[in-house]
J.: 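Dropping the structure in here first, questions after.
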Amino acid sequence: LVAGATGSGKSVFLRSLLLSLMTQYPPGKLDVLIVDPKRTDFTFFNGAPYLRGSKVIVERNEARDALLELVRSEMPRRQDLLAKARTTKVKLFNQRYPAEALPPIVALIDEYALLVSMMSKKERDSFEQDLMILASAARSVSIHLVLATQRPSADIVTSTLKANLPTRIAFRVASSTNSSIVLDSTGAENLLGRGDMLFQQQSGEIVRLQAPFMDEEQMQIYLAALVAAHTAR
């Protein structure tokens with residue numbers, strides 16, 4: 001769970017996170033699903049060989065369908081493969097069966113509040129339930145959820161959502177209430193912005209960190225170079 005107001009550095013951090021993962025894995029060894037309802041912050045990733053469907057998803061219905069595919073199709077498929085191989089570890093499965101290796105999947109949803117605000121209550125409740133299945137059960141099969149919001153209010157970041165996203169990052173937020181919703185403690189309202197953040201580990205310990213900075217032009221150049229380097233190999 002990642003939260004932060006405008007100018008806090010949240011979007012730069014999320015893009016840097018994706019680029020860091022892409023540095024670690026060549027195309028074919030990492031799948032990334034990006035949902036960007038604002039249609040602005042992740043457009044330069046379009047066409048990158050890491051993307052599921054080769055594009056950033058901006059439409060609400062398409063986002064829902066892509067996430068449902070992970071929950072109802074890809075996750076059970078991976079669970080069945082591991083069960084047949086009599087192992088609970090994806091890494092071990094990949095070593096034994098390289099031809100059927102399961103690349104990690106990272107599903108990143110930016111501006112979650114904007115996405116769910118476009119849904120009816122019934123549709124939103126169903127969507128959140130599927131997301132919680134993804135957050136709680138999919139990690140064991142190397143499917144990971146990163147959910148970001150600019151507006152961490154109680155009606156958006158529900159208790160059910162928080163319970164299934166124990167690792168959290170708060171950039172500067174508007175109020176102590178927002179900070180408490182994300183971290184269960186105050187403090188994020190006093191951060192300096194520009195990547196200054198509080199990182200809550202799964203243990204509950206909170207550490208103050210500085211996120212890296214790379215401007216969008218540098219990111220585009222870096223991504224192109226990264227893809228070219230992997231292609232040359």
Side-chain angles (χ1 to χ4, degrees), residues 1-22 24 30 32-43 45 56-58 63 67 70 104-117 127-128 131-132 134-136 138-139 143-214 216 219:
L1 176 64
V2 182
T6 301
S8 65
K10 173 177 64 69
S11 295
V12 173
F13 166 76
L14 292 171
R15 293 194 293 259
S16 297
L17 174 66
L18 292 177
L19 286 174
S20 295
L21 288 169
M22 292 173 184
Q24 298 297 317
L30 169 71
V32 177
L33 172 67
I34 302 175
V35 177
D36 179 18
K38 281 173 61 178
R39 303 169 178 254
T40 55
D41 290 341
F42 296 87
T43 51
F45 285 99
V56 174
I57 298 173
V58 297
L67 290 162
L70 288 181
I105 299 173
V106 176
L108 186 151
I109 306 174
D110 192 29
E111 297 305 340
Y112 176 70
L114 179 58
L115 183 66
V116 296
S117 70
F127 182 68
E128 184 177 283
L131 273 186
M132 291 313 93
L134 193 64
S136 62
R139 282 173 294 192
I143 301 175
H144 309 278
L145 178 65
V146 180
L147 192 153
T149 182
Q150 182 177 314
R151 184 165 61 89
S153 56
D155 61 319
I156 298 298
V157 183
T158 64
S159 57
T160 304
L161 192 66
K162 287 171 63 176
N164 287 285
L165 296 170
T167 303
R168 305 170 196 161
I169 291 174
F171 292 91
R172 187 180 62 197
V173 294
S175 68
S176 59
T177 301
N178 292 150
S179 179
S180 295
I181 287 170
V182 179
L183 301 174
D184 296 320
S185 68
T186 60
E189 74 279 9
N190 297 321
L191 293 174
L192 303 176
R194 296 180 177 269
D196 189 17
M197 72 183 197
L198 296 175
F199 170 52
Q200 184 179 60
Q201 303 175 64
Q202 199 159 348
S203 64
E205 180 185 1
I206 297 177
V207 182
R208 188 174 183 179
L209 300 171
Q210 173 64 45
F213 174 75
M214 183 183 290
E216 189 169 323
M219 287 185 177

J.: Within the structure provided, determine whether Leu145 and Ile109 are in side-chain contact (heavy-atom separation under 4.5 Å).
T.: yes
J.: Do the non-hydrogen side-chain atoms of Arg15 and Phe42 ever get within less than 4.5 Å of each other?
T.: yes
J.: Mind checking the OG-CD spacing from Ser11 to Glu216? Nearest 0.5 Å is all I need.
T.: 10.0 Å
J.: Is there a side-chain contact between Val173 and Ser8 in this structure, where contact means two heavy atoms from C-beta onward sitting under 4.5 Å apart?
T.: no
J.: Are the side chains of Arg168 and Val2 in touch, meaning some heavy atoms are under 4.5 Å apart?
T.: no
J.: Looking only at non-hydrogen atoms, find the nearest pair between Asp184 and Lys162 and report the distance.
T.: OD1-NZ, 2.7 Å
J.: Give me the one residue out of Arg172, Arg208, Lys10 that meets salt bridge (Lys or Arg N to Asp or Glu O under 4.0 Å) with Asp196.
T.: Arg208
J.: Please check this pair: side chain of Ser179 against backbone of Ser176, looking for a donor-acceptor N/O pair closer than 3.5 Å.
T.: no
J.: Starting at CD of Glu205, measure out to CZ of Phe199 and round the result to the nearest 0.5 Å.
T.: 9.5 Å
J.: With a 4.5 Å limit on heavy-atom distance, are the side chains of Leu134 and Leu70 in contact?
T.: yes
J.: Do any N or O atoms from the side chain of Gln200 and from the backbone of Leu183 form a donor-acceptor pair under 3.5 angstrom?
T.: yes
J.: A side-chain contact here means heavy atoms from C-beta on lying under 4.5 Å apart; do Phe127 and Leu67 qualify?
T.: yes
J.: Just by distance, no angles: are the side chains of Glu128 and Thr158 close enough, under 3.5 Å, to form a donor-acceptor pair?
T.: yes
J.: Is the side chain of Asn178 donor-acceptor paired with the backbone N or O of Val182 at a distance under 3.5 Å, no angle test?
T.: no
J.: Do the non-hydrogen side-chain atoms of Leu33 and Leu108 ever get within less than 4.5 Å of each other?
T.: no
J.: Quick one: do Ile105 and Val32 satisfy side-chain contact (heavy atoms from CB on, under 4.5 Å)? Show the steps, please.
T.: CA-CA 6 Å; Ile105 299 173; Val32 177; over 6 Å; no
J.: Within the side chain of Asn164, is there an N or O that forms a donor-acceptor pair under 3.5 Å with the backbone of Ala135?
T.: no
J.: Could you tell me whether Glu111 and Arg39 make a salt bridge, using a distance below 4.0 angstrom between a side-chain N and a carboxylate O?
T.: no
J.: What distance separates Ile34 CD1 from Asp110 CG, expressed to the nearest 0.5 Å?
T.: 9.5 Å
